[in-house]
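Below is one structure; the comments refer to it alone.
Only a predicted model underlies this, so the values are computations on that prediction, with no experimental measurement involved. Labels below follow one simple rule: chain letters A, B, ... track the order of the sequence lines, proteins then strands, and each chain is numbered from 1.
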There are 2 protein chains.
Amino acid sequence: MTIDPTKTDLKKNYTSQDVAAIAGVSQSTVSRVFAGNTNVSEKKRKKILAAAAKLDYKPNAHARSLITRKTMMIGIVMRNIRNPFYSAVLEIFHNRLSARGYHLIFINSENEEIQESEITQLLEYNVEGVIITDALLSSSASQKFKRYGITVVLFNRYTEHLESSAVFCDNYLAAKQIAAYLVEMGHKSFAFVSGPSDTSTTIDRLKGFKEVLDDRKIKDLTIEPGNYTFESGYRAAQELMTRNKNIDCIFCGNDIIALGVMDAIRTIGLRIPEDVSVVGFDNIRMSEWPSYALTTWEQPLEEMVDSAVELMIKEINEKDAPMQVVMMKGHLVVRNSVRSRK
Amino acid sequence: MTIDPTKTDLKKNYTSQDVAAIAGVSQSTVSRVFAGNTNVSEKKRKKILAAAAKLDYKPNAHARSLITRKTMMIGIVMRNIRNPFYSAVLEIFHNRLSARGYHLIFINSENEEIQESEITQLLEYNVEGVIITDALLSSSASQKFKRYGITVVLFNRYTEHLESSAVFCDNYLAAKQIAAYLVEMGHKSFAFVSGPSDTSTTIDRLKGFKEVLDDRKIKDLTIEPGNYTFESGYRAAQELMTRNKNIDCIFCGNDIIALGVMDAIRTIGLRIPEDVSVVGFDNIRMSEWPSYALTTWEQPLEEMVDSAVELMIKEINEKDAPMQVVMMKGHLVVRNSVRSRK
DNA sequence: TTTGAAAATGATTACGTATTCATGACAATA
DNA sequence: TATTGTCATGAATACGTAATCATTTTCAAA
């Protein structure tokens with residue numbers, strides 16, 4: 001077999017040693033140019049950069065992190081990346097963190113066991129911090145990370161004992177305002193299609209919603225379990241509407257459920273909002289599509305991410321920084337899925 | 001300030017040396033237990049595992065990768081993670097690769113410059129391979145990676161000179177079949193809402209579509225540019241339908257465009273499929289939602305990812321493995337957005 | 001010209017692991 | 001018994017960098 005000179009052959013990975021040799025300086029000086037960039041004469045710097053370019057030299061991040069103890073890597077743990085809300089979350093986190101030089105190790109899984117083992121591996125990579133958006137994992141995982149002194153920020157949820165910093169929307173208050181709004185609009189028979197019952201978001205949203213109805217002595221509330229997917233919303237609405245034909249409004253645990261609910265209602269032959277009002281939660285992009293025009297609660301996503309990033313970076317840099325819990329408000333976005341029944 | 005014993009203090013990161021000291025063995029033996037797992041007596045293994053558990057020891061992946069020259073990290077470069085098609089792509093890639101022990105470094109950006117600089121950083125992390133699903137970056141980025149001997153697999157696109165392995169759907173053939181189908185159904189006036197005109201997917205889909213119409217001497221084809229978003233589909237359809245009221249079918253560059261097209265058409269007051277037929281491409285989950293019931297082309301996503309993963313791992317392990325281009329078929333999924341006009 | 005502080009540089013070491021090499025223990029074989 | 005061969009083990013080394021420390025150079029002020 002002959003060597004084909006036209007084929008770009010696989011180059012050795014050159015090191016700062018190699019560069020130093022060519023530039024006629026010590027490895028130390030090469031390192032200074034690529035890392036601190038301090039105290040190097042212009043003359044040598046040029047020589048070094050020329051030599052580096054010649055060899056296509058690039059520093060080795062692993063060797064570097066070994067000694068600096070900074071990996072510039074952050075883990076992000078998700079469930080349901082297919083939910084558009086989380087796609088957006090991922091995108092924004094990536095924007096913000098990459099702008100600050102961090103890299104994202106992405107973890108997503110339906111399967112809890114796989115996730116646990118992956119988290120262990122994440123530890124071995126010495127990520128500097130972890131963002132957790134997964135309800136089912138928050139508690140055990142965050143403890144595991146804390147044991148190794150790794151910063152954890154929970155996003156869109158919190159744990160009961162507040163062991164980690166967390167950023168989320170005030171779901172309780174939001175649900176109260178939504179309930180009040182629906183009552184004002186003259187609705188009489190309420191339904192709530194929930195997410196998984198063990199998540200803080202579901203608990204708080206239900207609590208707020210229920211509280212307002214209780215205050216007003218309204219008993220007519222049906223709760224239907226869902227799991228934050230279109231299909232679960234679709235099934236829930238089918239179930240609800242066949243069982244109780246009086247329901248005139250449905251509050252949904254999130255937007256994607258709401259879309260499923262709307263499609264189910266329409267399939268049955270009822271109209272939105274003429275026959276039934278629907279309210280969602282999240283304000284994902286699809287909720288403003290003309291086919292749905294969903295009235296929903298907007299979470300201040302960008303601000304929430306910004307806040308989470310600030311918290312994270314602060315805690316990374318000052319290991320004894322206090323844990324913080326940030327709760328944001330958001331607001332109702334009125335479109336065309338709710339109608340006054342007075 | 002006194003030390004609070006209830007507070008779990010930040011532990012030092014223990015090393016294999018520390019474990020060795022406690023277990024009364026050499027560092028080498030500890031390493032053998034956690035890496036190769038070979039040739040260690042049961043007695044010492046137990047001692048070592050006990051010591052490791054006591055210290056919460058975990059190996060350091062960076063130190064390890066420095067010497068093994070395996071990082072077990074793979075980069076995935078995307079644009080538009082908000083497009084549900086790519087959310088799904090990301091999810092499936094993560095499933096498959098994490099099952100094989102790889103970790104995913106996620107890169108997504110609207111901004112090309114940021115992406116370029118991130119790619120440079122990716123190199124410094126010595127990812128073993130990179131999956132590129134970004135049309136605008138494929139060529140320059142893949143060359144950059146190849147220069148360092150890093151495996152590149154393009155997904156859902158290919159470069160003209162076929163410098164990298166690639167997996168994609170036979171867009172040309174698919175578009176031909178879609179065109180033939182629409183012609184068979186008796187349509188007379190055609191429109192195509194494209195993606196960005198410099199992407200291989202757009203080019204091939206348009207080519208196939210046009211070719212069939214040309215063959216049948218059909219001249220009535222309007223091409224409207226889009227960019228693979230809902231909004232661009234919406235605008236395109238508004239434009240199309242006001243300019244040319246005869247159009248009786250629209251082939252869309254992807255599903256998300258098609259959904260926008262459908263909503264625009266309905267907003268105008270026309271019905272689908274009674275007045276206008278619409279066909280999409282990708283078969284994302286939303287296309288089967290009752291509100292849309294979109295007839296579309298299904299890309300065999302799981303198989304495509306499987307294939308890409310196989311290619312990647314093969315090329316990683318055998319550096320001189322031949323480059324490969326895999327083209328898959330897919331099939332038409334008929335729902336309720338196309339109607340016979342005979 | 002001398003002095004002295006600041007800047008530039010290189011030798012050396014540490015980061016935490018896997019691997020290589022040499023040695024010793026021990027069982028199996030002739 | 002002598003001889004192989006296998007297994008278990010530890011000492012030493014390499015991976016590629018940043019940081020520390022000591023030394024040399026530079027250059028302006030006296």
For this session: Check every atom of D:dG16, C:dA18, C:dG16 against the side chain of A:A63 and return the nucleotide holding the closest atom.
Result: D:dG16

For this session: Compare the minimum distances between each of D:dT17, C:dT9, D:dA11 and the side chain of B:S26, then state the nucleotide with the smallest one.
Result: D:dA11

Exercise. Between C:dT17, D:dA18, C:dG10, which one does the side chain of B:T15 approach most closely?
Worked result: C:dT17

Exercise. Using the ring of each side chain (for Trp, its six-membered ring), is B:H94 parallel, tilted or perpendicular to A:F106, with breaks at 30° and 60°?
Worked result: perpendicular

For this session: Please work out if B:K58 contacts a base, only the sugar-phosphate, or nothing of the nucleic acid, heavy-atom cut-off 4.0 Å.
Result: sugar-phosphate

For this session: Using a heavy-atom cut-off of under 4.0 Å over every strand shown, decide if B:S28 touches base, sugar-phosphate, or nothing.
Result: base

For this session: Find the distance B:N39:CG to C:dT23:P and express it as a whole number of Å.
Result: 19 Å

Exercise. Taking the side chain of B:K44 as heavy atoms from C-beta outward, which of D:dA18, C:dT17, D:dG10 is closest to it?
Worked result: D:dG10

Exercise. Think B:S41 has a side-chain N or O under 4.0 angstrom from the OP1 or OP2 of D:dT9?
Worked result: yes

For this session: Please state whether the phosphate of C:dG16, meaning OP1 or OP2, lies under 4.0 angstrom from any side-chain nitrogen or oxygen of A:Y125.
Result: no

For this session: Check every strand shown and say whether A:V25 touches a base, only sugar-phosphate, or nothing at a heavy-atom separation below 4.0 Å.
Result: sugar-phosphate

Exercise. Do B:S31 side-chain atoms and B:Q27 backbone N/O form a donor-acceptor pair below 3.5 Å?
Worked result: no

Exercise. So among B:Y86, B:F93, B:F85, which one has a ring pair (Phe, Tyr, Trp, His ring centres under 6.0 Å) with B:F155?
Worked result: B:F93

Exercise. Are side-chain heavy atoms of A:M72 and B:E124 found at a separation under 4.5 Å?
Worked result: no

Exercise. Looking only at N and O atoms, is any donor in the side chain of A:R69 or the base of C:dG16 less than 3.5 Å from an acceptor on the other one?
Worked result: no

For this session: Check whether the side chain of B:Q27 and the base of C:dA18 form a donor-acceptor pair under 3.5 Å.
Result: yes

For this session: Look at A:N60 and D:dT17 and indicate whether a side-chain polar atom (N or O) is within less than 4.0 Å of OP1 or OP2.
Result: no

For this session: For the pair A:R96 and A:E310, find out whether any cationic side-chain nitrogen is under 4.0 Å from an anionic carboxylate oxygen.
Result: no

Problem set entry | A:L66, nearest nucleotide to its side chain (from D:dA19, C:dG16, C:dT17) | C:dG16

Seminar exercise, completed: From the candidates C:dG10, C:dG16, D:dT9, the one with an atom nearest any side-chain atom of A:R32 is C:dG10

Exercise. Once you round it to whole Å, what is the distance between P of D:dA18 and NE2 of A:H62?
Worked result: 14 Å

